Amino acid sequence: MPLSKDRQHHSKAWKVFRLQIIARDNFTCQMCGVLLRGKGKTAAEVDHVIPEALRPDLFFEPDNCWALCRYCHATKAQHIERKHEGDPVAIATAKKAHRRVGLDGYRW
Ligand SMILES: [Zn+2]
């Protein structure tokens, strides 16, 4: 029996997983590149690229998760999810188009 959305977000497993994603992404917002810290706009959020409502089975899939700052999560990511509501491919494509370019010139 899968946990409800709310219970999953408060689970110990999510807390551990969330930190793993933020560390993997070098404590950096994968959309704008800001260093993730504090509790304001630059607070770390882990976003499901394909929203959990569409693919609950990808909740703990690292490839479907990335670290964003609170600002990008609340603006760009949620705007995309509303614009392409119900279409996982369009949502993932639109989000990845915001992926920042790494120091080596390649997109991450
Ligand atoms: Zn950002």
Side-chain angles (χ1 to χ4, degrees):
M1 186 72 175
L3 292 172
S4 71
K5 177 181 168 184
D6 211 47
R7 288 201 46 203
Q8 234 168 13
H9 271 289
H10 290 99
S11 68
K12 178 125 200 281
W14 170 252
K15 283 183 184 149
V16 172
F17 177 78
R18 181 181 174 281
L19 276 177
Q20 287 169 344
I21 297 298
I22 294 167
R24 180 201 67 189
D25 291 344
N26 300 310
F27 301 88
T28 304
C29 174
Q30 299 302 292
M31 280 186 170
C32 74
V34 77
L35 181 66
L36 299 171
R37 60 179 179 176
K39 294 187 173 183
K41 280 185 180 179
T42 58
E45 308 246 332
V46 169
D47 178 53
H48 289 92
V49 177
I50 297 175
E52 61 201 272
L54 298 178
R55 289 296 303 272
D57 56 311
L58 298 181
F59 194 88
F60 286 112
E61 171 52 58
D63 287 344
N64 190 49
C65 292
W66 59 353
L68 298 180
C69 71
R70 180 169 292 162
Y71 179 76
C72 287
H73 191 233
T75 58
K76 290 176 250 183
Q78 294 198 354
H79 174 77
I80 288 166
E81 288 180 14
R82 275 197 300 274
K83 185 177 174 192
H84 299 289
E85 194 174 0
D87 186 341
V89 176
I91 290 170
T93 304
K95 282 188 182 176
K96 296 285 183 179
H98 284 277
R99 201 174 192 98
R100 76 194 193 92
V101 176
L103 294 174
D104 59 1
Y106 289 94
R107 284 190 183 275
W108 291 14

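A quick note: this is a predicted structure, and the numbers were derived from the prediction, not measured.
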inquiry  = Could you go through K83 and I91, starting from their C-alpha distance and side-chain angles, then the distance that decides it, and tell me whether this counts as side chain to side chain contact (heavy atoms under 4.5 Å, CB included)?
reply    = CA-CA 8 Å; K83 185 177 174 192; I91 290 170; over 6 Å; no
Between [X] and [Y], is any pair of side-chain heavy atoms under 4.5 Å apart?
X   : Y   : answer
Y71 : V34 : no
L54 : D87 : no
H48 : I50 : no
K76 : M31 : yes
W66 : D25 : yes
V49 : K96 : yes

query = Are more than 12 heavy atoms from other residues, nucleotides or ligands located less than 6.0 Å from atom CD of E85?
reply = no
Determine the minimum heavy-atom distance between [X] and [Y], stating which atoms define it.
X   : Y   : value
A44 : R18 : O-NH2, 2.9 Å
R55 : D57 : NH2-OD2, 2.7 Å
C29 : C69 : SG-N, 3.3 Å
R24 : C65 : NH2-O, 2.6 Å

Gap between atom CD1 of I80 and atom NE2 of H98 - 0.5 Å precision =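 Spacing of NE2 (H98) from CD1 (I80) equals 4.0 Å.
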query = If you measure from CD1 on I21 to CG on L68, what distance do you get to the nearest 0.5 Å?
reply = 11.5 Å
Under 3.5 Å donor-acceptor, [X] side chain and [Y] backbone:
X   : Y   : value
E45 : A43 : no
T42 : R37 : yes
R70 : K39 : yes

ask   = Going hydrophobic residue to hydrophobic residue with side-chain gaps under 4.5 angstrom, can you get from L19 over to L36?
value =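 No; L36 is not reachable from L19 via cluster members.
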request  = State yes or no: do L35 and I22 share one hydrophobic cluster built from I, L, V, M, F, W and Y residues joined by side-chain heavy-atom distances below 4.5 Å, directly or via other members?
outcome  =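 Yes.
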inquiry  = Under a 4.0 Å threshold between the charged nitrogen and the carboxylate oxygen, would E81 count as salt-bridged to K95?
reply    = yes
ask   = According to the interplanar angle, ranging from 0 to 90°, do the rings of F60 and F17 count as parallel (below 30°), tilted (30 to 60°) or perpendicular (above 60°)?
value =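 Geometry flag for F17 against F60: perpendicular rings.
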inquiry  = Distance alone, cut at 3.5 Å: any donor-acceptor contact between the side chains of H73 and D47?
reply    =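 Yes, D47 and H73 have a side-chain donor paired with an acceptor closer than 3.5 Å.
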